[in-house]
S.K.: 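Structure below; questions to follow.
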Amino acid sequence: MTFQSIIEEIENNLKMILTDLSVPTISFTVEVAKPGFGDVSSNIAFLLAKEMKKSPKEITQILSEKYSQCVSELVLKTEAHPSGYLNFFADWSKLSELILSQSYLDTFGDVDIGNNSNIVVEHTSVNPNKALHIGHIRNIVVGDTVSRILAKVNYKVNVLNYIDDSGLQVADIIVGFKHFGFNEEPPNGKKFDHYCGDDVYVKTTQKYELDSSLEEIRKNTLKELEDGNSEIAAFGDLITRKVLAGQLQTCWNLNVSYDCLNFESQIIRSGLWSKIFEKLKEMGLIEFENEGKNAQCWVIRGDGNEEDKVIVRSNGTATYIAKDIPYAAWKLGLLDDPFYYQKYDARQPNCKTLWQTSLNGENTNQNFTAKKVVTVIDSRQERLQKIITVLMEKFNSTPDSYVHLGYESVTLSSDTAKTLGLETDGKQAQMSGRKGLYVSADSVCELLKQKITEETKKRHSEMSDSEIEKIAQSVSIGTLRYEMIKQDLDKIITFDLAKSLSLEGDTAPYIQYAYARASRILEKSGITPSIDVDFSLLRENSELDLIKTIGLFNSQVRDAANNFAPKVIARYCHDLAVSFNSFYEHVKVLDSDNDALKSSRICLVNSFNLTLEKALDLLGISAPHKM
RNA sequence: GGGCCUAUAGCUCAGCAUGGAUAGAGUGUUGGACUUCUAAUCCAAUGGUCAAGGGAUCGAAGCCCUUUGGGCCCA
């Protein structure tokens with residue numbers, strides 16, 4: 001138990017007091033107090049004001065007196081605040097022991113929400129025709145962070161990456177290679193995914209604009225691509241897998257791993273669509289339209305004002321949403337699994353085996369489906385995702401089984417757009433792969449790494465290159481991941497190249513620096529941290545504040561998981577670092593002549609490090625011992 | 001025309017789900033703190049009719065309604 005212990009104790013006592021006063025049960029809050037108002041506070045008196053026909057001020061005094069007669073382990077005293085709040089002061093010698101000894105356990109912060117059940121998280125899902133740009137990174141980092149949080153709350157998480165290897169975007173680069181003379185080997189050792197995106201894709205789409213007769217070539221290529229047996233399809237497979245390899249390299253560099261790669265081309269060829277199409281007809285979830293503008297089409301009826309959505313066109317071809325329906329149903333385990341699974345040859349950051357779907361082979365023992373599915377896609381796809389969510393609910397009659405986790409897009413600041421050659425009149429600009437208007441993830445990582453290498457060299461002239469490289473890697477990835485996660489999912493991130501290189505304030509380096517400082521204290525102390533210390537010696541405000549923050553880890557994890565809100569953990573890491581830095585300035589750990597006090601403080605410093613390490617791990621950020 | 005998101009300090013954002021105390025950070029600007037456990041830090045000052053209007057409430061940044069600005073999706 002952690003800080004939650006004292007909250008529960010207070011809740012129970014207050015409930016008993018209510019029974020005592022024979023007042024009907026009401027749902028009052030008991031929560032961490034604002035600074036300056038004790039440790040815990042409750043709004044209970046406000047809620048009783050009507051019932052008891054007294055002012056909150058009077059009631060809180062009555063409650064405060066009553067409380068002093070209760071058995072309390074962790075509460076030292078109560079305060080009837082004139083505002084009407086009932087405030088509690090903790091017995092820190094006991095609470096510190098409780099929190100700090102818990103924080104030394106490997107399981108600290110574990111919460112059981114998932115009950116060891118399966119859950120699927122799908123993220124990334126980028127067309128394999130270009131390098132990942134900074135907008136994709138938001139998806140990837142959100143998805144990866146949510147996966148880590150879900151694992152912490154006792155879900156068995158399967159992470160999927162959907163490879164959309166059969167659409168128009170892929171057809172476009174194939175046209176580039178086959179018809180416009182692009183060499184299959186990139187020039188000057190350029191990374192293949194960058195070459196396809198920056199050169200082949202952008203220049204091919206430019207040519208379409210100049211010559212509309214090329215549209216025919218494009219259409220034919222797409223058709224051949226979708227026919228699995230053609231030479232073009234085989235060539236497409238070769239190219240997209242090479243691009244994918246480049247994309248995965250970027251992801252792994254960001255500390256992101258997957259469990260399975262699902263290829264769209266195989267989903268199409270697996271026959272899943274025709275199976276679910278029949279079921280949807282049987283269940284009456286789709287209808288054949290006899291008249292109107294959608295005559296001869298199969299449609300999903302729109303809810304209320306919504307338009308009907310065409311699923312199968314009058315010429316018999318399935319629309320784009322039709323591909324998503326069997327895939328969603330497959331993820332939920334609602335269809336017989338048509339896939340065999342092969343190992344993808346790679347060493348991932350978490351050392352887990354990466355599998356990929358295949359339509360032939362032997363291994364069928366893998367299962368990547370779950371009763372609960374989270375799909376991370378930006379909110380521009382909300383309409384489509386809503387249709388799928390509603391359809392899946394009707395299909396398996398389980399509410400909330402299919403969750404679309406949406407987020408707003410990443411745009412470019414006008415300054416950054418300008419450096420890419422686009423004048424925007426001071427406005428932010430939407431990124432576009434087609435127009436070549438984007439900032440690639442690899443380039444941002446590289447710039448950050450260079451800057452951090454310089455900064456580290458300035459501070460540590462004695463360090464070896466390999467040590468500096470390790471720090472630069474950890475801090476650069478941390479910086480990028482933190483920027484992508486720290487704000488709310490429904491706020492647009494305006495990416496500015498210059499500002500993204502900032503390493504001060506509310507950034508990952510700030511947090512990582514606190515860890516490095518703490519590590520240094522532990523290293524220099526010559527004491528092995530232990531929880532066999534006198535906790536009552538920790539009395540300074542900055543010490544108690546740090547302990548309190550450490551004790552809030554569990555509740556923050558719970559909050560983050562329940563709301564799929566990765567930023568909650570980001571803010572928590574920042575809070576921890578702020579508390580620690582304040583402690584660092586106010587209290588000199590190693591200066592003390594008092595050995596008992598020194599040991600207690602070392603215990604606290606180590607507790608901070610252990611907790612921050614776990615919290616940062618949920619964000620996929622590592623904590624360097626020096627920087 | 002319909003739908004979704006958004007508006008809080010000069011700038012970037014927390015807080016809003018579950019209404020109560022003094023609306024918090026970062027950044028910027030100004031000043032201060034390194035012979036000390038690492039100054040990627042800390043301290044102080046500065047800065048807010050919480051977009052506007054209305055409603056319900058003892059009480060609203062938060063809830064309801066209307067309007068406006070910005071972004072996106074569909075038609």
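Proteins come first, then strands; the chains are lettered A, B, ... in the order of their sequence lines, and each starts at number 1. What you see is a predicted model; the values in this text were computed from it and never measured.
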S.K.: Is the aromatic ring centre of A:Y85 closer than 5.5 Å to the centre of the six-membered base ring of B:A21, with the two planes inclined by less than 30°?
M.R.: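 Yes; centroid distance and tilt both under limits.
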
S.K.: Write down the distance separating the C1' atoms in B:A7 and B:C50, rounded off to the nearest Å.
M.R.: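 To the nearest whole Å, 10 Å.
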
S.K.: Among B:G71, B:C37, B:A21, which is the nearest nucleotide to the side chain of A:F37?
M.R.: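 Nearest listed nucleotide: B:A21.
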
S.K.: On RNA chain B, check which nucleotide each of A:Y513 and A:E79 is closest to and give me the residue with the more 5' one.
M.R.: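 Upstream on the strand: A:E79.
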
S.K.: When the ring centroid of A:Y85 is compared with that of A:F37, is the distance short of 6.0 Å?
M.R.: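 They do not qualify: ring centres at least 6.0 Å apart.
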
S.K.: Among side-chain atoms of A:S379 and A:E382, is any donor-acceptor pair under 3.5 angstrom?
M.R.: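 No, no side-chain donor-acceptor contact under 3.5 Å.
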
S.K.: Is it the case that the ring center of A:F583 lies less than 6.0 angstrom away from the ring center of A:F608?
M.R.: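 So the answer is no for these two rings.
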
S.K.: Under 4.0 Å, counting only non-hydrogen atoms across every strand here, what does A:T456 touch: a base, just sugar-phosphate, or nothing?
M.R.: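 Base contact.
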
S.K.: The side chain of A:K491 is closest to which nucleotide in this list: B:U6, B:C72, B:A40?
M.R.: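 Per side-chain heavy atoms of A:K491, the pick is B:U6.
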
S.K.: Does A:R601 place a side-chain N or O at less than 4.0 Å from the phosphate oxygens OP1/OP2 of B:C37?
M.R.: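 Answer is no, no contact under 4.0 Å.
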
S.K.: OP1, OP2 of B:C72 versus side-chain N and O of A:Q430: anything below 4.0 Å?
M.R.: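 Result: yes.
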
S.K.: Look at the side chain of A:S41 against the base of B:A21 and say whether a donor-acceptor pair falls under 3.5 Å; ignore hydrogens and angles.
M.R.: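 Between B:A21 and A:S41, which were checked side chain against base, a qualifying N/O pair under 3.5 Å is present.
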
S.K.: Output the single nucleotide from B:C5, B:U27, B:C73 whose closest atom is nearest the side chain of A:R380.
M.R.: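 Selected nucleotide (nearest to the side chain): B:C73.
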
S.K.: Going by atom types only, do A:S542 and A:S582 share a side-chain donor-acceptor pair under 3.5 Å?
M.R.: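 Per modelled atom types, A:S542 and A:S582 side chains form no pair under 3.5 Å.
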
S.K.: Which nucleotide sits closest to the side chain of A:K524: B:U38, B:C11, B:C42?
M.R.: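 Per side-chain heavy atoms of A:K524, the pick is B:U38.
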
S.K.: Among B:G71, B:A17, B:G26, which nucleotide sits nearest the side chain of A:D506?
M.R.: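 Comparing B:G71, B:A17, B:G26 against the side chain of A:D506, the answer is B:G26.
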
S.K.: Which residue lies toward the 5' end of RNA chain B, A:M627 or A:A33, if each is placed at its nearest nucleotide?
M.R.: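 Per heavy-atom nearest nucleotide, the more 5' residue is A:A33.
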
S.K.: Could you state the atom-to-atom distance from OH of A:Y407 to P of B:C73 in whole Å?
M.R.: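 It is 14 Å, rounded to the nearest whole Å.
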
S.K.: Starting the side chain at C-beta, find the nucleotide from B:G15, B:A75, B:C42 nearest to A:K293.
M.R.: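 From the listed options, B:A75 comes nearest.
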
S.K.: Quick check for you: among B:A21, B:A17, B:U18, whose closest atom lies nearest to any side-chain atom of A:N87?
M.R.: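 When the side chain of A:N87 is considered, B:A21 is the closest of B:A21, B:A17, B:U18.
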
S.K.: Regarding B:A40, can its base be found pairing with the side chain of A:R459 as donor and acceptor, where the two atoms are less than 3.5 Å apart?
M.R.: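 Pair found.
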
S.K.: With respect to the side chain of A:E504, which nucleotide from B:A25, B:U36, B:U27 is positioned closest?
M.R.: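 The nucleotide sitting nearest to the side chain is B:U27.
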
S.K.: Could you tell me whether the phosphate oxygens of B:U38, OP1 or OP2, come under 4.0 Å of any side-chain nitrogen or oxygen in A:R520?
M.R.: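 Checking B:U38 against A:R520, a side-chain N or O does come within under 4.0 Å of OP1 or OP2.
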
S.K.: So what's B:C16 paired with, Watson-Crick or G-U wobble, going by both distances under 3.5 Å?
M.R.: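 B:C16 is unpaired by these criteria.
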
S.K.: Give a yes/no answer on whether the side chain of A:Y515 brings an N or O atom under 4.0 Å of OP1 or OP2 in B:U38.
M.R.: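 No, because none of the side-chain N or O atoms of A:Y515 sits under 4.0 Å from OP1 or OP2 of B:U38.
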
S.K.: Should A:R383 be listed as having a side-chain N or O under 4.0 Å from OP1 or OP2 of B:C4?
M.R.: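 For B:C4, OP1/OP2 do not have a side-chain N/O of A:R383 under 4.0 Å.
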
S.K.: With a 4.5 Å cut-off on side-chain heavy atoms, are A:C573 and A:L612 touching?
M.R.: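 They are in contact (side-chain heavy atoms under 4.5 Å apart), so the answer is yes.
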
S.K.: Could you tell me if the ring centre of A:H123 sits under 6.0 Å from that of A:Y162?
M.R.: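 Centroid distance A:H123-A:Y162: not below 6.0 Å, so no.
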
S.K.: Would you say B:A21 has OP1 or OP2 under 4.0 Å from some side-chain N or O of A:K34?
M.R.: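 The answer is yes; a side-chain N or O of A:K34 sits under 4.0 Å from OP1 or OP2.
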
